[in-house]
Chemist: 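Structure in structure tokens, see below.
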Amino acid sequence: MPYMKPLRNLSFALTSVLFMNASAFAGCGEIEAQCLIISSESKAPVSCSITVCANAIEYISDWSVSDGSTLSHTSSEEKDTITINGKPGLKIPYDILKENLTCYGTVDMSQVFCAKDVSL
């Protein structure tokens, strides 16, 4: 069967491209949500826009809050970086939160940002 060899080579070439370009196969979603900002002085619901993108090697979540606050979470095998208004932040563990709630806080926990159903 002389046509099998070209098909096998094409199959190998396509498979190689798929494995080398894992980052090209990403999914993104954007939601408009009600975020909750908690500080020592107040607890206030605010409008926010949350963009989440992920592929086989990286997860990125960017929050833009109507009060001007920003939050960014980038996670990959090499690093896990969270910033809130340009300063280091942390993710609050799911096991201490209500179901379907995602929360991040400043390192000193002076501000906490929460939103429901933040997933891709």
Side-chain angles (χ1 to χ4, degrees):
M1 298 193 178
Y3 59 88
M4 291 301 284
K5 189 172 183 176
L7 287 178
R8 189 171 356 135
N9 291 341
L10 177 62
S11 175
F12 176 73
L14 289 174
T15 302
S16 297
V17 168
L18 287 175
F19 283 116
M20 292 181 346
N21 278 332
S23 62
F25 299 97
C28 291
E30 184 173 352
I31 61 169
E32 296 298 321
Q34 278 294 107
C35 290
L36 184 63
I37 300 178
I38 303 165
S39 69
S40 57
E41 297 88 37
S42 66
K43 179 169 99 172
V46 293
S47 298
C48 61
S49 176
I50 301 171
T51 302
V52 176
C53 293
N55 60 35
I57 57 173
E58 189 173 49
Y59 167 88
I60 300 169
S61 177
D62 287 314
W63 298 27
S64 179
V65 184
S66 62
D67 73 350
S69 298
T70 60
L71 186 151
S72 179
H73 180 192
T74 302
S75 182
S76 67
E77 289 182 11
E78 294 84 31
K79 64 178 181 174
D80 192 28
T81 306
I82 297 168
T83 58
I84 297 173
N85 296 321
K87 297 180 181 170
L90 52 90
K91 186 168 185 177
I92 299 173
Y94 287 118
D95 57 346
I96 63 171
L97 299 171
K98 291 183 178 181
E99 190 173 327
N100 297 326
L101 197 62
T102 300
C103 294
Y104 294 90
T106 55
V107 173
D108 64 1
M109 295 301 283
S110 61
Q111 280 192 307
V112 174
F113 295 79
C114 296
K116 285 189 173 187
D117 300 320
V118 178
S119 60
L120 185 61

Chemist: Please tell me whether Ser72 and Asp62 have a donor and an acceptor in their side chains that are separated by less than 3.5 angstrom.
Modeler: yes
Chemist: Side-chain heavy atoms nearer than 4.5 Å, only ILVMFWY residues, links allowed to pass through others: does that put Ile82 and Tyr59 together?
Modeler: yes
Chemist: Supply the atom-to-atom distance Glu58 CD to Glu77 CD, rounded to the nearest 0.5 angstrom.
Modeler: 11.0 Å
Chemist: Grab the two heavy atoms, one from Cys103 and one from Val112, that are nearest each other, plus how far apart they are.
Modeler: CB-CG1, 4.2 Å
Chemist: Quick one: closest heavy-atom pair of Ala115 and Ile50, and the distance?
Modeler: CB-CD1, 3.7 Å
Chemist: Using side chain to side chain contact (heavy atoms under 4.5 Å, CB included), reason through Cys53 and Thr51 one step at a time and then give a plain yes or no.
Modeler: CA-CA 7 Å; Cys53 293; Thr51 302; 4.3 Å; yes
Chemist: So do the side chains of Met109 and Ile92 get within less than 4.5 Å of each other, counting heavy atoms only?
Modeler: yes
Chemist: Can you hop from Leu36 to Tyr94 via hydrophobic side chains spaced under 4.5 Å?
Modeler: no
Chemist: Does any non-hydrogen side-chain atom of Trp63 lie less than 4.5 Å from one of Thr70?
Modeler: no
Chemist: Locate the shortest heavy-atom distance separating Leu71 from Phe113; write the atom from each residue and the value.
Modeler: CD1-CB, 4.0 Å
Chemist: Please confirm whether the backbone N or O of Val52 pairs with a side-chain atom of Ser61, one donor and one acceptor, at under 3.5 Å?
Modeler: no
Chemist: According to side chain to side chain contact (heavy atoms under 4.5 Å, CB included), who are the partners of Glu32, at least two apart in sequence or on a separate chain?
Modeler: Glu30, Ser49
Chemist: Roughly how far apart are Cys114 SG and Leu101 CG, rounded to 0.5 Å?
Modeler: 5.0 Å
Chemist: For Lys91, does the NZ atom sit with more than 12 other heavy atoms under 6.0 Å from it, leaving out its own atoms?
Modeler: yes
Chemist: Can you find a heavy atom in the side chain of Lys79 that is under 4.5 Å from one in the side chain of Thr74?
Modeler: yes
Chemist: State which residues pass side chain to side chain contact (heavy atoms under 4.5 Å, CB included) with Val46; sequence neighbours excluded, sorted by chain then number.
Modeler: Cys35, Ile37, Val65, Ser66
Chemist: Is it true that Ile38 and Leu90 fall in one hydrophobic cluster, defined by side-chain heavy atoms closer than 4.5 Å?
Modeler: yes
Chemist: According to the side chain to side chain donor-acceptor pair (under 3.5 Å) rule, which pairs have a member within residues 80-90, sequence neighbours left out?
Modeler: His73-Asp80, Ser75-Asp80
